Protein chains: 2
Amino acid sequence: MRKVAESTIRRLSLYLRLLEEFEAQGIATVSSEALAGRGGTTSAQVRKDLSFFGSFGKRGLGYSVPELVTELRAILGLDRRYQVALIGAGKIGSALVQYRGFRQRGFDIVAIFDVDPAKIGREWNGLVVQDSAALETALAHEKIDMAVLVTPGEAAQPLADRLVALGVKAILNFAPVQLTVPHDVVVKTVNLALELETLSYELTNRG
Amino acid sequence: MRKVAESTIRRLSLYLRLLEEFEAQGIATVSSEALAGRGGTTSAQVRKDLSFFGSFGKRGLGYSVPELVTELRAILGLDRRYQVALIGAGKIGSALVQYRGFRQRGFDIVAIFDVDPAKIGREWNGLVVQDSAALETALAHEKIDMAVLVTPGEAAQPLADRLVALGVKAILNFAPVQLTVPHDVVVKTVNLALELETLSYELTNRG
DNA sequence: CTAGCTTTGTGAATCATTTCACAAAGCCGT
DNA sequence: ACGGCTTTGTGAAATGATTCACAAAGCTAG
Ligand SMILES: NC(=O)c1ccc[n+]([C@@H]2O[C@H](COP(=O)([O-])OP(=O)(O)OC[C@H]3O[C@@H](n4cnc5c(N)ncnc54)[C@H](O)[C@@H]3O)[C@@H](O)[C@H]2O)c1
Ligand SMILES: NC(=O)c1ccc[n+]([C@@H]2O[C@H](COP(=O)([O-])OP(=O)(O)OC[C@H]3O[C@@H](n4cnc5c(N)ncnc54)[C@H](O)[C@@H]3O)[C@@H](O)[C@H]2O)c1
């Protein structure tokens with residue numbers, strides 16, 4: 001099951017959200033057409049995306065909503081929970097810690113770190129902010145699946161190196177830097193300034 | 001100059017950030033190889049990306065850092081400032097308003113709106129939070145280039161419709177919904193849960 | 001049980017993006 | 001001023017993603 005495009009995975013994630021809405025509304029089956037309409041693609045795209053992983057529909061009828069939800073959760077690895085460490089108790093970190101959406105979808109923030117003495121020891125959402133100097137000892141006996149990096153740019157790469165050394169295999173990075181990691185570690189960078197800049201480009205070149 | 005891939009634009013934005021770092025370090029010229037190395041691509045990709053917009057380098061030498069910075073700013077539409085309205089004075093909104101990076105790159109938040117009476121009238125970073133019911137009157141005489149939507153999902157589409165009616169042509173959306181807008185309006189959605197889910201997929205299918 | 005209708009699953013075709021590879025240009029040292 | 005070295009700019013080739021189009025499958029009504 002190698003080599004599925006990232007764009008496909010992102011759409012599967014989108015379909016899952018739509019399916020969960022349908023499920024909440026008690027809708028039992030859905031066609032690729034209906035999924036596509038709400039998701040901003042075409043029905044052929046939906047079917048092709050799913051076909052990489054199996055055939056989940058019934059011809060003439062469509063897809064069973066609860067069944068497809070289960071399948072997509074399994075494909076995306078969302079049929080388990082993840083232990084997440086947050087590094088950087090700043091403004092963005094604060095918003096993330098308080099956001100319930102993550103826990104709802106299986107991501108539990110279980111540790112928070114910062115260097116700022118004014119922040120270390122404070123309680124955030126039931127967790128004590130720990131000294132990031134003690135990252136290694138604090139995470140020695142806690143299994144961390146993912147780390148979220150929300151520190152200033154210059155701190156991000158050194159922290160990424162330490163997280164990798166600790167065995168963390170997935171990092172979500174908000175610092176506006178390109179992280180270098182071994183190829184068995186996966187990094188996703190969310191670069192908000194870059195998003196604004198693509199808007200800016202579109203505004204000046206279309207519009 | 002139609003039809004440049006979005007992936008190209010995103011890389012240009014990345015190159016610009018790297019070039020600004022080089023500029024701060026007093027580096028005068030840079031090769032496509034050097035830009036690629038730090039930006040996670042190949043030198044051929046860098047040259048191809050730039051070639052869509054002109055030829056900015058000197059063969060045998062590379063690119064003048066300050067010159068290319070100027071060119072990229074012009075291409076991306078960053079040689080001007082943008083007036084941005086923030087809709088939703090919540091947790092993410094708070095982080096965005098306090099973030100200096102946006103102002104530094106030419107994006108000025110000039111108005112903030114919310115529905116919550118507890119938030120309306122409060123001062124945020126020198127701006128008074130306004131009632132979003134009065135969006136139309138408040139923005140009647142203020143030219144808004146972009147809106148940032150940081151409300152709950154269910155409020156996002158109605159607000160997008162009102163912003164579009166007000167002539168806003170670019171929206172950065174943080175709500176986990178797919179917005180529908182006329183095709184002369186450009187929307188970028190930042191879906192953090194989706195980023196975590198692509199990490200989750202990679203973890204379960206590689207690693 | 002059959003005819004008609006609907007919708008899937010998927011090769012083949014199209015369209016888009018990236019990589020290759022090399023001639024053309026410019027610099028530097030002699 | 002020339003030869004050697006470096007690096008750009010860009011068609012052509014390769015790779016990757018999306019769209020097309022249709023046979024196969026299943027459901028429903030009669
Ligand atoms: N706030 C925003 O809206 C926004 C938008 C786009 C990008 N970003 C990026 O996100 C990152 C965080 O932004 P923020 O606004 O939350 O910044 P912030 O300054 O509020 O928070 C950063 C936190 O990281 C901590 N820190 C610094 N070095 C550390 C280390 N070595 N180990 C652990 N913690 C450390 C600081 O003490 C601080 O608490 C930055 O890279 C910023 O560029 C933020
Ligand atoms: N906080 C996070 O880390 C995070 C992460 C991912 C996604 N999001 C998404 O970002 C959005 C905002 O998240 P948040 O954590 O800041 O939520 P929040 O609840 O803290 O803030 C939302 C704000 O929007 C306001 N609001 C509601 N309806 C409005 C309307 N019609 N007009 C104007 N304002 C209105 C609310 O009063 C509130 O102040 C949500 O859609 C959320 O799903 C947040």
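Here the structure is a predicted model, which means the values were calculated and not measured. Every chain is numbered from 1 and lettered A, B, ... according to where its sequence line falls, protein lines coming before strand lines.
- With B/Ser43 contributing its side chain and B/Ser32 its backbone, the two residues share no donor-acceptor pair below 3.5 Å.
- Rounded to whole Å, the distance from CZ on A/Arg47 to C1' on C/dG11 is 13 Å.
- Without hydrogens or angle criteria, A/Asn173 side chain to A/Val177 main chain gives a donor-acceptor distance under 3.5 Å.
- B/Asp49 and B/Arg10 are not joined by a salt bridge, as no carboxylate oxygen comes within less than 4.0 angstrom of a charged side-chain nitrogen.
- Of all nucleotides in DNA chain D having an atom under 4.0 Å from a heavy atom of chain A, the first and last in 5' to 3' order are D/dA17 to D/dG26.
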What's touching nucleotides 25-30 of chain C from the protein side, N or O pairs under 3.5 Å?
residue, atom, partner, partner atom, Å
C/dG26, O4', B/Arg59, O, 3.3

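- Using a 4.0 Å cut-off between charged nitrogen and carboxylate oxygen, A/Glu202 and B/Lys169 do not count as a salt-bridge pair.
- A residue-by-residue look at B/Ser32 and A/Gln45 shows that B/Ser32 has its nearest nucleotide of DNA chain D further toward the 5' end.
- Salt bridge annotation for B/Arg73-B/Asp79: absent, with no cationic side-chain nitrogen under 4.0 angstrom from a carboxylate oxygen.
- Under the 4.0 Å criterion applied to side-chain N and carboxylate O atoms, A/Glu67 and A/Lys58 are not assigned as salt-bridge partners.
- The residue B/Ser7 sits close only to the backbone: its heavy atoms come under 4.0 Å of sugar-phosphate atoms, none of a base.
- By the 4.0 Å N-to-carboxylate-O rule, A/Glu197 lies too far from B/Lys188 to be salt-bridged with it.
- Partner of B/Ile112 under the side chain to side chain contact (heavy atoms under 4.5 Å, CB included) criterion, out of B/Leu127, B/Val148, B/Leu96: B/Leu127 alone.
- Contacts of B/Thr42 with the nucleic acid, taken as non-hydrogen atoms under 4.0 Å apart, involve only primed sugar atoms and P, OP1 or OP2.
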